[in-house]
Amino acid sequence: QLHLEESGGGSAQPGGSLTLSCATSGYNSDPYCLGWFRQAPGKEREGVALISRLATTNYVASVKGRFTISRDNNKKTLSLQMNNLKPEDTAVYYCAATMTNTCLSLLSKAGGGMDYWGKGTLVTISS
């Protein structure tokens, strides 16, 4: 059973930076797709960034140029570097994974197609 655990959430001021990490375990073959999703209060869950096993990436338009997703298959970790944070980035951020051979197109599916999920970490951006 693939297990995911997020860390690194917290509070920051607008314009600040945070780095989220996701430790993965419980598998022998690297997940084909890893990603970050978020859910703000009163809103639906949305895809933030995805990265395939081949390190191709996809970002939601609102974070392009500000967020960077990366994965280290040797360390079995996933990261999300978030810069120039905005109040609208406030949300619970979830790490997710799927072993199936589909990835970047899943960004718009609000998590559909991702089979494994972490419990989430809260990010709050306010002045």
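The figures here come from the full heavy-atom set of this structure, side chains too, leaving out hydrogens, waters and symmetry mates.
Applying the disulfide bond (SG atoms under 2.5 Å apart) definition to pairs two or more places apart or across chains, none involves residues 50-82. Within the structure, the salt bridge (Lys or Arg N to Asp or Glu O under 4.0 Å) test picks out the following pairs touching residues 57-85 (sequence neighbours left out): Arg66-Asp89. Applying the side chain to side chain donor-acceptor pair (under 3.5 Å) test to every pair with at least one member in residues 1-11, sequence neighbours left out, gives no pairs at all. Among residue pairs with one or both ends in residues 41-81, none qualify as disulfide bond (SG atoms under 2.5 Å apart); sequence neighbours excluded. The disulfide bond (SG atoms under 2.5 Å apart) analysis of residues 40-77, with sequence neighbours excluded, yields no pairs. For residues 35-80, there are no disulfide bond (SG atoms under 2.5 Å apart) pairs, not counting sequence neighbours.
For the pair Leu80 and Thr68, the minimum side-chain heavy-atom distance is 4.5 Å or more. Contact annotation: the side chain of Val48 never approaches that of Phe37 to less than 4.5 Å [non-hydrogen atoms, C-beta and beyond]. In this structure, Asn84 and Phe67 have side chains that are not in contact, with every pair of non-hydrogen atoms separated by 4.5 Å or more. The shortest side-chain heavy-atom distance between Ile51 and Leu78 falls under the 4.5 Å cut-off.
Annotation: side chain to side chain donor-acceptor pair (under 3.5 Å) contacts of Tyr32 (sequence neighbours excluded): none. For Thr19, the side chain to side chain donor-acceptor pair (under 3.5 Å) criterion is met by Gln81, not counting sequence neighbours. The side chain to side chain contact (heavy atoms under 4.5 Å, CB included) test applied to Ala40 returns Lys43, Ala91, not counting sequence neighbours. Remark: Gln13 pairs with no residue by the side chain to side chain contact (heavy atoms under 4.5 Å, CB included) rule, at least two apart or across chains.
Note that the CG atom of Leu4 and the OG1 atom of Thr77 stand 12.0 Å from one another [nearest 0.5 Å].
Connection of Trp36 to Met99 is not established within any shared hydrophobic cluster, with ILVMFWY side chains joined at heavy-atom distances below 4.5 Å, either directly or through further cluster members.
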Below 3.5 Å, can you tabulate the donor-acceptor pairs from side chains in residues 53-60 to any protein atom, sequence neighbours excluded?
residue: Arg53; atom: NE; partner: Asp30; partner atom: O; Å: 3.2
residue: Arg53; atom: NH2; partner: Asp30; partner atom: O; Å: 2.9
residue: Thr56; atom: OG1; partner: Ser52; partner atom: OG; Å: 2.6
residue: Asn58; atom: ND2; partner: Leu104; partner atom: O; Å: 3.0
residue: Tyr59; atom: OH; partner: Ile69; partner atom: N; Å: 2.9

Only pairs under 3.5 Å count here: list side-chain donor-acceptor contacts from residues 112-127, not counting sequence neighbours, and write none if there are none.
residue: Asp115; atom: OD2; partner: Thr98; partner atom: OG1; Å: 2.7
residue: Trp117; atom: NE1; partner: Met114; partner atom: O; Å: 3.3
residue: Thr121; atom: OG1; partner: Gly9; partner atom: N; Å: 3.2

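Put simply, the side chain of Arg45 never gets that close to the backbone of Arg38: no donor and acceptor are under 3.5 Å apart.
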